[in-house]
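Note sheet for the following structure.
Count residues from 1 along the sequence. This structure is a prediction, so every number in the text was calculated from the model and none was measured.
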Amino acid sequence: LADNGGPARTYLPQGGSPVLDAGSNALAKDQSNNDLTTDQRGAGFPRVLNGTVEIGAVETLEAPPGAGTDLIVSKTADVDQIVPDRDITYTITVRNILADAATSATMSDPLPQVTTSSGGSPTTSQMTFVSLNVAPGWTCSTPSVGTGGTISCNRASVAGSSVHTFTLVGHVPPGAV
């Protein structure tokens with residue numbers, strides 16, 4: 001959960017999330033049964049984007065999964081862990097949203113860029129790789145420990161309706177703001 005604006009901490013839906021445009025406009029009502037015009041953040045944040053309300057307290061412009069989409073990848077972290085010169089743990093989840101197996105699955109995840117400040121001038125630096133706990137059945141290549149780069153994983157077949165979880169630890173550079 002994070003402070004995405006408004007009175008309550010929320011999860012901000014990411015691209016490909018099954019909650020995107022998956023709600024019922026007919027049920028998006030306030031306590032007086034009036035149509036909701038904004039999400040929980042208030043003015044400037046319409047309740048309905050892309051034609052259909054999302055499931056949850058906030059709307060995003062992210063698109064729902066496209067036709068024929070097999071796999072959805074999400075990456076989450078506790079934003080309170082983002083502390084300069086410390087490690088941060090991400091959970092990466094790969095979901096096969098169809099009943100049939102997905103073949104030749106690949107996942108590529110570049111380590112995030114963060115804003116750093118050195119001598120008062122903001123710049124960007126890439127987080128560095130610490131470790132990856134690989135989901136069973138996947139083969140991954142990673143950057144060397146202490147360097148930036150991209151994590152690449154593959155699997156010949158991902159069973160239908162399955163969920164695969166990876167745990168990535170990265171190091172936040174000193175001076176991150």
Side-chain angles (χ1 to χ4, degrees), residues 1-4 9-22 50 54 56 58-98 100-177:
L1 292 174
D3 182 359
N4 293 302
R9 292 171 62 89
T10 58
Y11 288 107
L12 189 63
Q14 303 297 306
S17 171
V19 304
L20 296 172
D21 300 337
N50 302 326
E54 284 161 15
V58 296
E59 291 283 320
T60 71
L61 288 173
E62 296 285 351
T69 299
D70 290 358
L71 302 177
I72 294 176
V73 179
S74 63
K75 181 177 181 181
T76 59
D78 180 356
V79 294
D80 293 333
Q81 277 190 328
I82 302 175
V83 177
D85 206 22
R86 298 268 173 91
D87 292 347
I88 182 169
T89 302
Y90 292 94
T91 301
I92 302 171
T93 306
V94 178
R95 298 179 196 281
N96 184 344
I97 61 172
L98 300 179
D100 297 328
T103 58
S104 302
T106 61
M107 183 214 27
S108 180
D109 183 51
L111 290 166
Q113 295 282 329
V114 296
T115 302
T116 56
S117 180
S118 177
S121 300
T123 60
T124 59
S125 298
Q126 191 170 41
M127 285 188 183
T128 57
F129 177 75
V130 175
S131 66
L132 178 68
N133 182 9
V134 178
W138 288 80
T139 302
C140 298
S141 63
T142 65
S144 298
V145 172
T147 66
T150 299
I151 292 146
S152 298
C153 301
N154 59 62
R155 184 173 172 151
S157 180
V158 177
S161 305
S162 63
V163 177
H164 305 261
T165 303
F166 301 75
T167 304
L168 167 65
V169 179
H171 188 77
V172 179
V177 291

Notebook entry, point to check: Taking side chain as C-beta onward, heavy atoms only, is Ser152 less than 4.5 Å from Ser108?
Noted result: yes
Margin query: Restricting to non-hydrogen atoms, name the atom on Gly170 and the atom on Val130 that form the minimum distance, rounded to 0.1 Å.
Written below: C-CG2, 3.8 Å
Check: Any idea which heavy atoms bring Gln126 and Pro173 closest together, and the distance?
Finding: O-CG, 4.0 Å
Checklist line | Non-hydrogen side-chain atoms of Arg86 and Val172 separated by less than 4.5 Å | finding: no
Next item on the list: Applying side chain to side chain contact (heavy atoms under 4.5 Å, CB included) between Ile92 and each of Val73, Ile151, Thr165, report the one that passes.
Entry: Val73
Note to self: Looking at every heavy atom in both Trp138 and Cys153, which two are closest together, and how far apart are they?
What the structure shows: CE3-CB, 3.9 Å
Check: For the atom pair OG (Ser162) and CG (Leu71), what is the distance rounded to the nearest 0.5 Å?
Finding: 8.0 Å
Margin query: Taking Ala159's backbone N and O only, do any of them form a donor-acceptor pair with Asn96's side chain (distance below 3.5 Å, no angle check)?
Written below: yes
Item checked: Between CG on residue Leu132 and OG on residue Ser141, distance to nearest 0.5 Å -> 10.0 Å
Next item on the list: Could you walk me through whether Phe166 and Val134 pass the side-chain contact (heavy atoms from CB on, under 4.5 Å) test, one step at a time?
Entry: CA-CA 5 Å; Phe166 301 75; Val134 178; 4.0 Å; yes
Check: Does atom CZ of Arg155 have more than 12 heavy-atom neighbours from other groups under 6.0 Å away?
Finding: yes
Next item on the list: Give, for atom CD1 of Ile72 and atom CG of Leu98, the distance between the pair rounded to the nearest 0.5 Å.
Entry: 8.5 Å
Checklist line | Closest approach of Ala135 to His164 (non-hydrogen atoms, all atoms of both residues) | finding: CB-CB, 3.9 Å
Checklist line | Met107 CE to Thr93 OG1 distance, which is reported to the nearest 0.5 Å | finding: 10.0 Å
Item checked: Minimal non-hydrogen separation, Ala77 against Ile88, with atom names -> CB-CD1, 4.0 Å
Margin query: On a heavy-atom basis, which atom in Pro143 and which in Thr150 lie closest, and how many Å separate them?
Written below: CD-O, 3.7 Å
Check: Just one of Asn133, Asp109, Thr89 clears the side chain to side chain contact (heavy atoms under 4.5 Å, CB included) bar with Leu168, so which one?
Finding: Asp109
Check: From Met127 CE over to Asp87 CG, what is the distance, rounded to the nearest 0.5 angstrom?
Finding: 10.0 Å
